Amino acid sequence: MPSNKLSRHALSRRAVLRGAGVTLGLPWLEAMGAPSAANPVRFAALYMPNGVNVPMWTPKGTGRDYQLSPTLAPLADLKNSVTVLSGLWNEGSKGGDGHYVKEAAILTCATIKKTQGADLANGISADQVAAQRVASQTPLASLELGVTPVAIGVDAVVGYTRVYGSHIAWANATTPLAREINPRSVYERLFRAASGLNADSARMDALLLDRVLGDARALRGTVGAADRIRIDEYLSVMRSLEERVARANAPAARTWKARAAMDPKAAPIERPRDHQEHVRLMMDMIALAFQTDTTRVATFMFGNAVSNVSFRFLEGVSAGHHDVSHHQKDADKLRQYQIINQWHVEQYAYLLRRLAEMKEGESTVLDNSMVLFASALSDGNSHNPHNLPLILGGRGGGRIDAGQHLTYAEDSPMSNLYVSILDAFGAPVERFGDSTGHLPGLLRPSGSESSPAAVRLNPATRGVESARAAE
Amino acid sequence: MTNRSGGGHGKIVIAMRLAVFIWLFAVSLFATPGWASFDTAQAFLQKYCRACHTGNAAVGGFRLDRVAAPESLTAEAAKWASLTRRVRNLEMPPKGAPAPPLDESEAFAGWVDQALRQAACANGIQPGPARARRLNRDEYSATIRDLLDIHLDMAQSLPVDGGGGEGFDNAAETLFLSPLHSEKYMDAARFALDFAAKEFKSRNKILVATPGPGMPEAEAARRVIAAFLTRAFRSPVDNSTVTTYLALYSKARSAGRNFEEGVFFALRAVLVSPRFLFLLTPPNTTAAMQPVDAYSLASRLSYFLWGSMPDEFLFDAAASGKLSDPAVLKVITRRMLRNDRSLGFAQRFVEQWLATRELTSSKRPDAKLFPEFDRDEELRSDIRMQPVLFFREMLVRNLPVLSLIDSTHTIGTRNLAKLYEVQLPINRAAANQPQWVELPPGSNRGGLMGMPAVMAVSSYPYRTSPVLRGAWILESMLGTPPPPPPPNVPALEEPAAGAAPKTMKERLAQHRSNAVCASCHSRIDGLGFALENYDVLGRWRSEAGGKAIDNSGELSGVTFQGPAGLRQVLLERKDLFVHNLTTKMLGYALGRGLTLSDSCTVDSIVEQVKNDGYRAQTLVEAIVLSVPFRYQAAQPLKSAVAAASKGSH
């Protein structure tokens, strides 16, 4: 007769469920230098899942004399600093399935490969093109943030790993970038990166990294092609740490100075009480990173693809996000859909205002930034990839002719937007994805006498053409 | 949408046909079509593909003669698989060309699938490649815990890993590395070792030698580092490896660090090395498949059943060479299952397989509507742990895996008894702990489907949904997920909260009014409606919104009543269930997605489990003894060496 007791000894539920949260120590703040004269240009992309209630999103009129729509109303005081874009899409995302193929490609303009993981393939994302170009100029190359963990498992219904729907930033065709969702960890990471290492720690870290890189190089020669991708990832991320340590080791090479001081006591709480607070804290982290110049590139995901986060905390909403996005033209669901969309725009406006409050000489950090708000669907009900809801906030250091509603012929490539953004950022490319040129009307002519030359992206890391051939 | 016509409608119909079609393929396991032989398949290809795929000008460079001989099912398996996929997705024949009727292409695709499996198995079972894979965050945390003997959960400080392959976060293919990881590994190594240095027990475990009379400093350092390296790299290390890490100690010493600081600095590097962070199998450079080496096998075992590094016993077993003996492996497997650490396996496997991990995130019941769940942490953990502990008890007690469909026992706690509104024979002496209890006769709580965790993750956070529950059963229990609702077609209207409730028959009538919807939803909803007696939290109810619950279900034209009827329906399809469970567990054990050639392994394991009364331990043992678990494919190094010499600088 088996006993009542669980095998071995009964297990304490708390021991099983609760892990002691670990907070890593925070080093003390070091002296900060004065901001240098030239204001750097920053680029952030905020991604909202599940599309929009289209009639309530689209502004009336075009050019400068346009009227904000109800959903865009939270941007009223920022109207002169934002550019609303209509008519763009990512052609490579039209097939596949309703969500993953569109949302994973929002910054890559590629066609992702349908896979449960074995042969993951997207393209490099626009933010990473920018980040890789300025990586050596700031402590962190880029910041990848979110508020919900990576969605688990594979979506067996459509045959894609949910890794696709959980990442918009891709270092290359095969490597998505992990996100941070704990605001306190982000703060500590920024703080540590900005503080840098003291000479002694830097010397020791250099020794350590040299050793482990040696292990990786030795391994590389003994593994097959599939494993080499992983070892190369290891080499790549460890080398970038090594470079950072090397800069700390050679003060002459360390040209970076924080443009604003960070208050070590201002670390945010670890577990925000609700969704809105969580999002706001992450917006604060982007603002802080840009203000201090700890990084110039950031991406943020309001949720994963197909997110069904409950928005019942909003007055008048009774359902989850994805659920409501399949409104089936039901008036009440459309109403709720709009409320959820508008809430996202409010959070975006919050970030823009934070950046606008941050002075940089005669300008503000917002003036020197480009903050994209994007969804990979227009109407979520039909998974419509045409005419994507896109707003670009900020002036990109004066290059963006903000304050307009720019409309383009239906199905103009969104990749042209990235060509223009990368140009304004100072990382011009000849082509991005299926781009055909700049996005007309967005940029003022470059006043700079020495703009960097446009580079050709390596098609091997982009994977666009080959993947699209299957379409 | 009765009288709609025009281009839009045509598009819709094609999209729906596609979705339905893919699914019909998936459910072909319900009833394998009796159609086809190699010749009929050839006739099909000749009829629909020959016009474009013949001769030197064959479109896309694909010529039918490549797949004209039966041997091509082996030699050109990839070609067969890809052409079938395109036929199945209605990409081929292309628009404008004469297309086969759906039932014909379905039969064709189903036959090819079966034929490929048979062909793949004809040459005997083959192992896949041994892929290097990074420890995921749970494994990293558990390994640090066991390696340093500290009670510290490092998982929270690492990013969450996504899932791949069969749906688990230990799949090699999706365990990529970001700059964020490298920073976290550096921080975590420092933090964990600082912590260990202050703990008496772990310090002693690490410092196997200390300088003193007869023990020079350098020798003590060498011993400490060598012992640690062996355990951290999960395999004996050669002298040159020890020397390179010892060099770090020496450099730290000359930089003014004391003995202990110097040693711990070298250990910190060990914890950031790829040889610690990755599970690596020495490559098989021969021309044939080979058993993996004993230490790699020990790691495979321990990461499968414990989610952590091998313990001393397992390490010694590897050293003794006994792991190559299947009888020894069986004994060790049972021992490992009985160990407390197998709870980690149960939790990670079950919570990802059943998606109950989402109870804490996207599937968390709404706080306002279900305050008892939101308020009571103990109830939450009871609900969440019930399927996990049930699964582990099934393993340890070696019960049939069919217990997951129906059982006389469950995991009970005071909270769960209260939620069930039944008396459970709970031992009062340990009343606040989960217990293995017998259910009252006629209870509707046997198996997974009476469990609140499962009922909650297959609901919306605010109400139940027969559609979600039906889809959950098809995907998680039977491994035959339904296709997504086709684009541009309204999903089936479900009654909104507060609307006049309809009976199941009325709701199904809505499906039936649209043939395309009905083809999928009659399978989905019929399963889900049988569970309508359970609310979002799995509480029993006999009415909702003032109307009695109609819990009659239907599948393939057969009707049944309530959860008991549903369990019967699933038991009648037990081989499908066992096939699905085996597929999931093999994918988890191998840490990768399964391939065509793995399907022979799955079939063979299912056969062994069936022949042994569906015993749970037989399933685990058969996986451990399987070819893909113990062997690795030939992996000629030529290309690897060439690329390495090109890539090094």
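Just so it is clear, the model here is predicted, and its values are computed rather than measured. Below, read A as the first sequence line, B as the second, and so on, with proteins coming before strands; counting in each chain starts at 1. No hydrogens, no waters, no symmetry mates; every other heavy atom, side chains included, goes into these values.
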Nearest-0.5 Å distance, CG of residue B:L180 to CD of residue A:E144 = 8.0 Å
Max heavy-atom pairs within cutoff under 4.5 Å with chain A, candidates B:A155, B:G164, B:A355, goes to B:G164
Is chain A contacted by the side chain of B:L177, its backbone, both, or neither, given a heavy-atom distance below 4.5 Å?
-> both
Under 4.5 Å from any heavy atom of chain B - which part of A:R179 | backbone
With a 4.5 angstrom heavy-atom cut-off, could you sort out which part of A:T115 is near chain B: side chain, backbone, both or neither?
-> neither
What part of B:K363 gets closer than 4.5 Å to chain A, counting heavy atoms only: side chain, backbone, both or neither?
-> neither
Examine whether an atom of B:F276 lies under 4.5 Å from a heavy atom of chain A, and if so say whether it belongs to the side chain, the backbone or both; otherwise answer neither.
-> neither
Does NZ or CZ of A:R230 fall inside the cone over B:F176's six-membered ring, less than 6.0 Å from its centre and within 45° of the axis?
-> no
Heavy-atom distance under 4.5 Å to chain B: side chain of A:L207, backbone, both or neither?
-> both
Against chain B, label A:L213 side chain, backbone, both or neither, depending on which of its atoms sit under 4.5 Å from a heavy atom there.
-> neither
Do you know which two heavy atoms are closest between B:Y462 and A:G320, and how far apart they sit?
-> OH-N, 3.1 Å
Could you tell me whether B:R268 and A:D205 have a side-chain N and a carboxylate O separated by less than 4.0 Å?
-> yes
Hey, which of B:Y245, B:F168, B:F278 has the most heavy atom pairs under 4.5 Å with chain A?
-> B:Y245
Could A:D200 and B:R257 be called an ion pair, given the rule that one side-chain N must be under 4.0 Å from one carboxylate O?
-> yes
A:L140, part contacting chain B, at a heavy-atom distance under 4.5 Å = side chain
Checking side-chain contact (heavy atoms from CB on, under 4.5 Å) for the pair A:N308/B:Y460: CA distance, chi angles, key distance, verdict?
-> CA-CA 9 Å; A:N308 204 30; B:Y460 287 113; 4.0 Å; yes
Can you tell which part of B:L175 gets under 4.5 Å to a heavy atom of chain A, answering side chain, backbone, both or neither?
-> backbone
Of the listed residues (B:R592, B:R364, B:M186), which shares the most heavy-atom pairs with chain A below a 4.5 Å separation?
-> B:M186
Side-chain contact test, heavy atoms from C-beta onward, threshold under 4.5 Å: evaluate it for B:Q156 versus A:N182 and give yes or no.
-> no
Give, as side chain, backbone, both or neither, the part of B:D366 having an atom under 4.5 angstrom from any heavy atom of chain A.
-> side chain
Largest heavy-atom contact set with chain B, pairs under 4.5 Å, which of A:D323, A:L241, A:L120 | A:D323
Is there a side-chain contact (heavy atoms from CB on, under 4.5 Å) between B:F233 and A:D215 once you walk through the steps?
-> CA-CA 12 Å; B:F233 291 175; A:D215 279 2; 4.2 Å; yes
Could you pull out the closest heavy-atom pair between A:R312 and B:K368, with the gap in Å?
-> O-NZ, 3.3 Å
Just give me the residue among A:A319, A:A216, A:P176 that pairs up with chain B most often, heavy atom to heavy atom, under 4.5 Å.
-> A:P176
Interchain contact, B:D161 with chain A, by part (heavy-atom threshold 4.5 Å) | backbone
Looking only at atom types and distance, does a side-chain atom of A:T161 sit under 3.5 Å from a main-chain N or O of B:G163, one as donor and one as acceptor?
-> yes
What is the minimum heavy-atom distance between B:G162 and A:V163, and which atoms define it?
-> CA-CG2, 3.8 Å
Any donor and acceptor pair, going by atom type alone, linking the side chain of B:E173 with main-chain N or O of A:G117 inside 3.5 Å?
-> no
Residue, of A:E233, A:R211, A:Q116, that accumulates the most heavy atom pairs under 4.5 Å with chain B = A:R211
Considering all heavy atoms, the nearest A:V154-B:G165 contact = CG1-O, 3.8 Å
Count the heavy-atom pairs under 4.5 Å between each of A:G159, A:S318, A:S142, A:A218 and chain B, then report the option with the highest count.
-> A:S318
Would you mind checking which part of A:L177 comes under 4.5 Å of any heavy atom in chain B, side chain (CB onward), backbone (N, CA, C, O), both or neither?
-> both
Smallest separation among heavy atoms of A:A178 and B:S178, with atom names = N-OG, 2.7 Å
Option in B:D194, B:T281, B:T244 with maximal non-hydrogen atom pairs under 4.5 Å from chain A = B:T244
Would B:R133 and A:D227 pass as an ion pair if we require N to O under 4.0 Å?
-> no
Part of A:H327 lying under 4.5 Å from any heavy atom of chain B = neither
For A:A141, is it the side chain, the backbone, both, or neither that has a heavy atom closer than 4.5 Å to a heavy atom of chain B?
-> neither
Test side-chain contact (heavy atoms from CB on, under 4.5 Å) applied to B:L280 and A:L219, step by step | CA-CA 9 Å; B:L280 300 155; A:L219 276 179; 3.6 Å; yes
What part of A:T148 is in contact with chain B, defined as an atom under 4.5 angstrom from a non-hydrogen atom: side chain, backbone, both or neither?
-> neither
Note: A:V212 and B:V272 closest approach over all heavy atoms is CG1-C, 3.8 Å
Among the listed options B:S182, B:P274, B:A367, the residue most often paired with chain A at heavy-atom distances under 4.5 Å | B:P274
Specify which of A:R162, A:R203, A:M204, A:M238 makes the most heavy-atom pairs with chain B at under 4.5 Å.
-> A:M204
Check step by step if side-chain contact (heavy atoms from CB on, under 4.5 Å) holds for B:E183 and A:R244.
-> CA-CA 11 Å; B:E183 290 175 39; A:R244 200 197 299 175; 3.1 Å; yes
Between B:A471 and chain A, which part of the residue has a heavy atom less than 4.5 Å away: side chain, backbone, both or neither?
-> neither
